[in-house]
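Letters A, B, ... mirror the listed sequences (proteins, then strands); counts begin at 1.
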Amino acid sequence: MSSPTALSAEDPLIDLGAYVTGLDRWLAERPECLREVALPAPSFADRVAAMSRLMETLYAAGWSKYGWPEGVGGLGGSILHRAALWDALARHGVPGMALFEHLEVLGPTLVALGPRPFVAQALPKFLGGRERWAQAFSEPGAGSDLANVRTRAVAVDDDYVITGRKIWTSWARYARWALLLARTGTPEARHRGLTAFVLDLHDPGVEVTPIEQANGTDELAEVALDDARVPGDRIVGDVNGGWHVAMHILSHERGTYPWFRHCFLYGQLRDGLERARPEHDQALGNALLDLAATTAASRAALRAQAAGSLLGPRAAFTKLLLCEAERATSDWVLANDADLAIGVQEDDVAVHRQEYLFSRIVTIYGGSQQMQLNTIAKQVLGLP
Amino acid sequence: MTTIIDGHPSEFVAVAERALGNGNASTALASLGWWQLLRDLDDDESRRALFSVFRAQGRALVNSTALAALLAVPYLDDADLELGTVAAAATRTSPRRGTVHVAVGELVGMRLLVDRPGRGASVMNADRVRLQRIDLPGRLDLHEVHLDESRWRPMIPEDTAARARRQSLALGRVAVALEMLGAAEGALELAAEHARGREQFGQPIGTFQAVQHLLAWAMTDCAAIEAAADAAVASGAALPPRFDEIVKALAGRNARRACERTLQALGAIGFTAEHSHHHFHSRVLALDSLLGTSADLTHALGRWLREEPGDPQLPTALLFPATPDELLVGKEVLKR
């Protein structure tokens, strides 16, 4: 099948079945596109570089344009197209998203609430792997208590001048842009005094310091802001409406993102079958149950999103189920491969070891597991 | 007369629960138009309404003929039997007595279908079998079926029965999963109510995070069953490979876990015969033992993945049940 970019307005690939079929065939006919990204690469920078090249290829061929609206670099369709794209990549041996997770975490919010002229020129570069994004929410004093953000943004002429410190800023070292939450109101206004900005991480006044993590990668960073300037037309949502933007993002990060992540957990399971031992069949079965629960719950979230609704507090379920699936899968992988505990000589062992350790932080990022449980207890179960 | 309305699965469940809560289960099934729904299993909306009755049965701790009647459906055409007149026994595996046939629910006026893997299936009047009542909490009517070996004549030969058996198991497993979900939800409602009202240290225990998290996990266990069972019902005949087993295993594991968590939140009062919690818990345990336990199914699924490694088809198959066959070309498609 040829690449879909040249198709007419009556695009048959808007039909999901045709899209999946066409994409599968296209990928099967071009193993060379996937070769580099499928190689085990312990260096995260190498993984980002390889994935960026694959994104460029997929964008040029048109496949990654589906699911995004026309006018911001897309070809129409719904989030189900994107769900199918990443599922297909995982089935064809791509091991993970290597920071393009943010397409699914930040992308929908940029499209829904971002300044349209900016998003129209920035999103195609993101989709095409040429520019990458970070999320700058957390601060040393604002982790689970996100409403406690203290980084300040002060209006000066047509700009905002931003001062403060962000931490755990995911993928900042590799990114050009960050979606940043800063205080435009008083500290007492709590969540009502926050605004979301698009910050250029290459601007003077912005200093990014990568944080080396316990699993050996450097996906997180600290970002110091010293009179960094953001033009007033790079506000996402409304001034003092940052909480709404954050909740929009978290609805995706908790509700639909688990679909994208869990496709690669099926991949880890499949790779682990080479070393599978019968004595761990029960653990393997349990991992399958947790994966299937994530499939089913995130399927419901995707369909709700495709129909135009956000999940609200029930997104917490999908996130918790993903955590369980991640843990069960990596426990089973470790049970069959004791080399992960010690050896890092071979690249594939080193990468699997990183994955195993990473599975232990899934319960921390994107709102800790305990915060998800609080949400369910209070907002769904109605406990006092 | 209650009418099943169009809408979200939870609306179906609420309607069914109200009807079943009014007393007589046979009257409730009739008033819900349930037997007509059984004729329309291929229709998406009918199927959703039909299966919601099982979740409602679990929540209301009600007995009916529904499961036995559903299990019988795939055999009806082969034996020229009329829908609504035949109840099929479920099977369980006993470490002491091997395969045991269990009749679930009300059987008044029904003929009993017994399927014996390897030996075909037969339909018999109540006088041809001995039914031994099993007394256990859970307000679930269970009878062990004792066959007269000398009088066994398969009415449906093994090769025909085997095909019906697969369909019957798939339908039954999803139905039982939903009933376990309902029972776990019933236990959770008791525990949540307790947590809101019971005071210790001068405040409701539901204000303590330890208790909140126990119950939030119990609800997450339930949310997983709901999502998986709803996906199975929505898929209908296009069920992904072994998805009925996945749903049944997940439901058994999670519903048991939810009952354990809710018991912990209830404290000692939940472990008394006087409190209703044990009825929900016992119903879950009994249902988990039918049509493959969660422990056995989970192990079998693990072995299946290990022995027949193919590309994982589940995400795609569940999200796009109508995906053309071309998708599967060149891959090892796992057989149902």
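Ranked by heavy-atom pairs shorter than 4.5 Å toward chain B, the options A:A90, A:A28, A:A292, A:P278 are led by A:P278. Taking B:I225, B:L301, B:I246, B:L297 one by one and counting their heavy-atom pairs under 4.5 Å with chain A, the maximum is reached by B:I246. Put simply, of B:R253, B:R196, B:Q209, B:R303, the one with the most heavy-atom pairs under 4.5 Å next to chain A is B:R253. With respect to chain B, the highest number of heavy-atom pairs below 4.5 Å among A:Q369, A:H280, A:Q372 belongs to A:Q369. The residue among A:L321, A:T375, A:L269 with the most heavy atom pairs within less than 4.5 Å of chain B is A:L321. Contact count against chain B (heavy-atom pairs under 4.5 Å) is highest for A:D290 among A:T294, A:L302, A:V380, A:D290. Here A:L381 is the residue among A:I376, A:L381, A:L320 with the most heavy-atom pairs under 4.5 Å with chain B. For chain A, the option among B:A231, B:A195, B:A300 with the highest count of heavy-atom pairs below 4.5 Å is B:A231.
The cationic group of A:K65 does not satisfy the cation-pi geometry with A:Y19, failing either the under 6.0 Å distance to the six-membered ring centre or the 45° limit from the ring axis. A:W259 does not carry A:R299 over the face of its six-membered ring by the limits of under 6.0 Å from the centre and within 45° of the normal. At least one cation-pi condition fails for B:R257 and B:W217: the charged atom is not both under 6.0 angstrom from the six-membered ring centre and inside a 45 degree cone around its axis.
Counting heavy-atom neighbours within 6.0 Å of B:E193 CD, excluding the residue itself, gives a total of 12 or less. Within 6.0 Å of the CD atom in A:Q282, the count of heavy atoms belonging to other residues, nucleotides or ligands exceeds 12. Counting heavy-atom neighbours within 6.0 Å of A:E274 CD, excluding the residue itself, gives a total of 12 or less.
Looking at A:E324, only its side chain comes within 4.5 Å of chain B, counting heavy atoms on both sides. Of the atoms belonging to A:A276, heavy atoms from both backbone and side chain fall under 4.5 Å from chain B. For A:R314, the part lying under 4.5 angstrom from a heavy atom of chain B is the side chain only. With a 4.5 angstrom heavy-atom cutoff, A:H262 touches chain B only via side-chain atoms. Interface remark: A:L291 contributes no atoms to any contact with chain B (heavy atom separation under 4.5 Å). Contact annotation for B:L214: neither backbone nor side-chain heavy atoms come within less than 4.5 Å of a heavy atom of chain A. Contact of A:L273 with chain B is made through the side chain alone, with heavy-atom distances under 4.5 Å.
In this structure a side-chain-to-backbone donor-acceptor pair under 3.5 Å is missing from A:S298 to A:A301.
In plain terms, the two heavy atoms of A:Q305 and A:H252 that are nearest each other are CD-NE2, 3.3 Å.
Relative ring orientation between A:W63 and A:Y66 is described as tilted, the plane-to-plane angle lying within the 30° to 60° band. B:F54 and B:F51 have tilted rings, their planes meeting at an angle from 30° to 60° on a 0 to 90° scale.
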